Amino acid sequence: QVQLVESGGGLVQAGDSLRLSCAASGRTFNNNAMGWFRQAPGKEREFVAALRWSGGYTIYAESVKGRFTISRVNVNNTVYLQMSSLKPEDTAVYYCAVRIRSTSAVVTTTISYDYWGQGTQVTVSS
């Protein structure tokens with residue numbers, strides 16, 4: 001059982017920066033990977049970034065590469081998403097997810113994860 005608590009969403013202007021936080025608690029001893037996804041109104045939930053807990057391997061969606069950075073604080077089981085050069089098309093609800101048991105090397109799909117946060121709204125105005 002894992003609980004995820006997200007924070008950091010808000011309303012910003014294009015070009016601004018924002019940092020999202022996701023703190024995991026509960027049974028996290030077998031944490032394998034954590035990721036960020038986003039979902040805009042009328043759109044499907046899409047992959048943003050992921051981090052493999054052991055080793056720190058990271059992967060990003062092409063649409064955010066060079067602008068977003070995923071990082072972690074190991075002792076607190078916390079993952080961050082630092083977003084810069086934000087664009088209106090980045091507007092979405094952002095979700096944090098954690099995978100406990102590794103059944104696949106794939107970390108870019110929603111079905112790869114076991115638990116999800118409640119989501120936090122990010123709105124980027126032009």
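Given the structure is predicted, the values throughout are model-derived calculations rather than measurements. All heavy atoms count here, side chains included; hydrogens, waters and symmetry mates do not.
- Looking at Phe68 and Leu86, their side chains come closer than 4.5 Å, going by heavy atoms from C-beta outward.
- Interatomic distance, Thr69 OG1 to Leu51 CG, rounded to the nearest 0.5 Å: 11.5 Å.
- Counting only residues at least two apart or in different chains, side-chain hydrogen bond (donor to acceptor under 3.5 Å, both in side chains) contacts with residues 3-21 comprise Gln3-Ser25.
- Within the 3.5 Å criterion, the main-chain N or O of Val106 finds a donor-acceptor partner in the side chain of Ser112.
- Side chains of Asp90 and Met83 form no contact here, defined as non-hydrogen atoms less than 4.5 Å apart.
- In summary, the side chains of Thr123 and Gln121 do present a donor paired with an acceptor at a separation below 3.5 Å, with no hydrogens or angles considered.
- For the salt bridge (Lys or Arg N to Asp or Glu O under 4.0 Å) condition, the pairs that include at least one residue of residues 52-63, sequence neighbours left out, are Glu62-Lys65.
- What you find for Ser126 and Pro88 is that their closest heavy atoms are CB-CG, 4.0 Å.
- No donor-acceptor pair under 3.5 Å is formed between the side chain of Arg38 and the backbone N or O of Ala92.
- Few gaps surround CD on Glu89; more than 12 heavy atoms of other groups in view lie less than 6.0 Å from it.
- Atom OG1 of residue Thr109 and atom CZ of residue Arg45 lie 12.5 Å apart, to the nearest 0.5 angstrom.
- When atom types are taken as modelled, the side chain of Thr91 and the backbone of Val124 share a donor-acceptor pair closer than 3.5 angstrom.
- Residues Tyr80 and Cys22 are not in side-chain contact: their nearest non-hydrogen atoms beyond the backbone lie 4.5 Å or more apart.
- Using a 4.5 Å cut-off between side-chain heavy atoms of Ile, Leu, Val, Met, Phe, Trp and Tyr, Tyr113 falls into a hydrophobic cluster with Phe37, Phe47, Tyr57, Ile59, Val93, Tyr95, Val107, Trp116.
- In plain terms, the two heavy atoms of Tyr60 and Ile70 that are nearest each other are OH-N, 2.9 Å.
- For the side-chain contact (heavy atoms from CB on, under 4.5 Å) with Val122, the qualifying choice from Leu11, Leu81, Leu18 is Leu18, the only one to do so.
- With Tyr94 contributing its side chain and Gln39 its backbone, the two residues share no donor-acceptor pair below 3.5 Å.
- Between the side chain of Asp114 and the backbone N or O of Ile100 there is at least one donor-acceptor pair closer than 3.5 Å.
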